[in-house]
Amino acid sequence: MTPGSSVMIRPVRHLQGTVRLPGDKSISHRYAMLGAIAEGTTRLTNFSTGADCASTLSCLRTLGVECERTATEVVIQGRTLQATLSALDCGNSGSTMRMLSGILAGQQFSSELTGDESLSRRPMARIIQPLELMGARISSMEGKPPLKISGGHLHAVDYAMPVASAQVKSSLLFAGLYADGTTRVTEPIRTRDHGEIALRAFGAEVKRDRNSASIAGGQKLRGIEAAIPGDISSAAFFLCAAALFPGSHLTIPDLLMNPARARLLDVLVSMGLRISVLALEEHHGEPRGTIQAEGSELNEVTIAGADTAALIDEIPVLAAIAPYTKNGIEIRDAAELRVKESDRIAAIATNLRAMGAEVEEREDGLRIPGQQEIHGARIHSHGDHRIAMAFAIAALRAEGETMIEDANAAVISYPEFFQTLQTLTN
Ligand code: S3P
């Protein structure tokens, strides 16, 4: 697919088959970054195929790290990072910019991080402030990229994050590796804990006490060998598609089942999807399992508070299928969605309305009534991977054809998405 390309989606009657998902994006970023600063070699199979994780690898290469990528694995030779005069291009990836900043803050050199147009609009004050408290100097465009980081000697902080963000938490814990003393990060709501789990997998001690995680500086990391479990946020699209059609059968082996990410499964079960989990295992602290899902009638759901944080990446697709539910979907406490790869609240509302749905857009959420007849339309992805994929799913049960414009945005997290969707719906 070329940038700006369009994809036509036609209605289908069911979804059936087995799909293996590329490795989880959140885990792939963290393993790559920690592998780069660990002693020895890190070998990763099922690494995310998304462009975002490729941005992380490319930044690490610019910092002198050898990252070899073959068809089956990514091999990273850990080392002391090297200063570079080239800007580190994070592309569309907020995770790359925020988490790598934590590592760069602890280096004895200066570096510059840039991003594409969408990333250049995203808030970075949330990492700049605490990293400056730890002793780094960071200049930005009024809290937005590009960032210039003068790294150096860091000291530990006890920091209460004002925003619930796993990227910020990981960034500060990574910086904590380079700090004198113990860095403690407290989050207002529990967010995904892949940073803590990955640090432990690489040999660091991270303590957890209710909503706080702490790490002592000066710990050495050791490279690991890992097979990354399938990305549950990518699985969300197919699970929601299965939920649209009674009679659908979907099997997903080796799917990430970390409780901080698997809230989606509970929500879909409460909405009527029948899910069974088989072969639950744990590797490097991350649970994975095979799930089987069968479609049924679709009930309503309200997503608010801690659930909103736990489902932040799945809300676009849940909202996109809301018109097909019995009593609709309400999403609250989701102001963060306005500062993602696009303003996702606005993008969801505009696209659902284009399909003929009634939507109430609120500053921090949406209310979408159920039992609405919706029709195919021209949908714009707003350059946002999750919007492109969410509306491809909504289109499966709409009346008539839907054209997803700028569908290529899907490459950011799941380049194989449209092809896989086709095989499951044939
Ligand atoms: C992520 C955390 C979330 C999520 C993003 C990945 C992570 O962002 O939306 O896709 O890997 O930590 P925030 O930390 O900004 O909430």
Side-chain angles (χ1 to χ4, degrees), residues 22-34 47-48 50-53 55-56 90-103 115 118-119 121-130 143-145 161-174 185 187-199 211 213 228-229 231-237 256 258 260-261 263-264 286 303 305-318 331 333-345 347 364 384-390 409-410 412-414:
D24 185 71
K25 180 160 92 69
S26 294
I27 297 178
S28 297
H29 281 299
R30 286 165 172 87
Y31 281 1
M33 289 182 200
L34 295 181
F47 191 81
S48 164
D52 266 8
C53 293
S55 292
T56 286
C90 303
N92 191 247
S93 175
S95 300
T96 306
M97 186 169 286
R98 294 189 179 128
M99 295 196 286
L100 196 54
S101 292
I103 292 176
S118 148
L119 184 52
R121 287 194 301 264
R122 296 185 66 189
M124 293 298 149
R126 52 186 66 190
I127 52 153
I128 296 174
Q129 256 170 359
K144 308 220 160 110
M161 300 185 336
V163 190
S165 162
Q167 293 173 356
V168 176
K169 177 176 53 170
S170 291
S171 179
L172 302 184
L173 292 174
F174 292 177
V185 188
E187 43 190 354
I189 292 176
R190 285 289 268 273
T191 62
R192 61 190 75 186
D193 54 359
H194 305 302
E196 297 91 303
I197 294 175
L199 280 161
N211 276 17
I228 299 173
D231 193 324
I232 188 164
S233 300
S234 298
F237 299 103
L256 175 68
N258 176 320
R261 296 285 297 287
R263 186 80 186 106
L264 171 75
E286 291 284 6
I303 299 167
D307 277 349
T308 301
L311 291 162
I312 199 73
D313 292 339
E314 290 75 63
I315 288 174
V317 67
L318 286 167
I331 291 147
D333 310 316
E336 272 294 296
L337 286 180
R338 294 214 181 261
V339 291
K340 292 289 179 189
E341 288 82 330
S342 69
D343 174 342
R344 287 185 173 158
I345 294 182
D364 67 345
D384 183 331
H385 54 130
R386 299 206 198 277
I387 297 297
M389 296 187 276
I412 289 300
S413 58
Y414 192 8

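In what follows, residues are counted from 1 in the order of the sequence shown. Counting starts at 1 for both ligands and their atoms, following the listed order.
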Sidechain-backbone polar pair: [X] side chain, [Y] backbone, donor-acceptor under 3.5 Å:
| X | Y | value |
| --- | --- | --- |
| R30 | S26 | yes |
| S171 | Q167 | no |
| D384 | S342 | yes |
| T308 | A334 | no |

Which bit of H194 is near ligand 1, meaning a heavy atom under 4.0 Å away: side chain, backbone, both or neither?
->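 Under 4.0 Å from ligand 1, H194 contributes no heavy atoms.
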
Answer side chain, backbone, both or neither: which part of R98 comes under 4.0 Å from ligand 1, heavy atoms only.
->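 Just the side chain.
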
Worked check of side-chain contact (heavy atoms from CB on, under 4.5 Å) between Y31 and I228 = CA-CA 9 Å; Y31 281 1; I228 299 173; 3.9 Å; yes

For [X], atoms of ligand 1 separated by under 4.0 Å from a heavy atom:
| X | result |
| --- | --- |
| K340 | 3 (C), 4 (C), 8 (O), 9 (O), 13 (P), 15 (O), 16 (O) |
| I312 | 9 (O) |
| S26 | 6 (C), 7 (C), 11 (O) |

Between the candidates S413, S165, S95, which shows the shortest non-hydrogen contact distance to atom 14 (O) of ligand 1?
->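 Going through S413, S165, S95 one by one, S165 has the nearest heavy atom to atom 14 (O) of ligand 1.
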
Please determine if R30 has a nitrogen or oxygen closer than 3.5 Å to a nitrogen or oxygen of ligand 1.
->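 Checking ligand 1 against R30, an N or O pair does fall under 3.5 Å apart.
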
Contact (N/O only, under 3.5 Å) between A166 and ligand 1 |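 By distance alone, the answer is yes.
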
Please write down residue, atom name and distance for the protein heavy atom closest to atom 10 (O) of ligand 1.
->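 Ranking protein heavy atoms by distance from atom 10 (O) of ligand 1, first comes D313 OD2, 2.8 Å.
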
List in chain and number order the residues that pass side chain to side chain donor-acceptor pair (under 3.5 Å) with T191, two or more places apart in sequence or in another chain; answer none if no residue qualifies.
->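 So T191 forms a side chain to side chain donor-acceptor pair (under 3.5 Å) with K169, E187.
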
D333: what forms a salt bridge (charged side-chain N to carboxylate O under 4.0 Å, His left out) with it, not counting sequence neighbours?
->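 Per chain and number, D333 pairs via salt bridge (charged side-chain N to carboxylate O under 4.0 Å, His left out) with no residue.
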
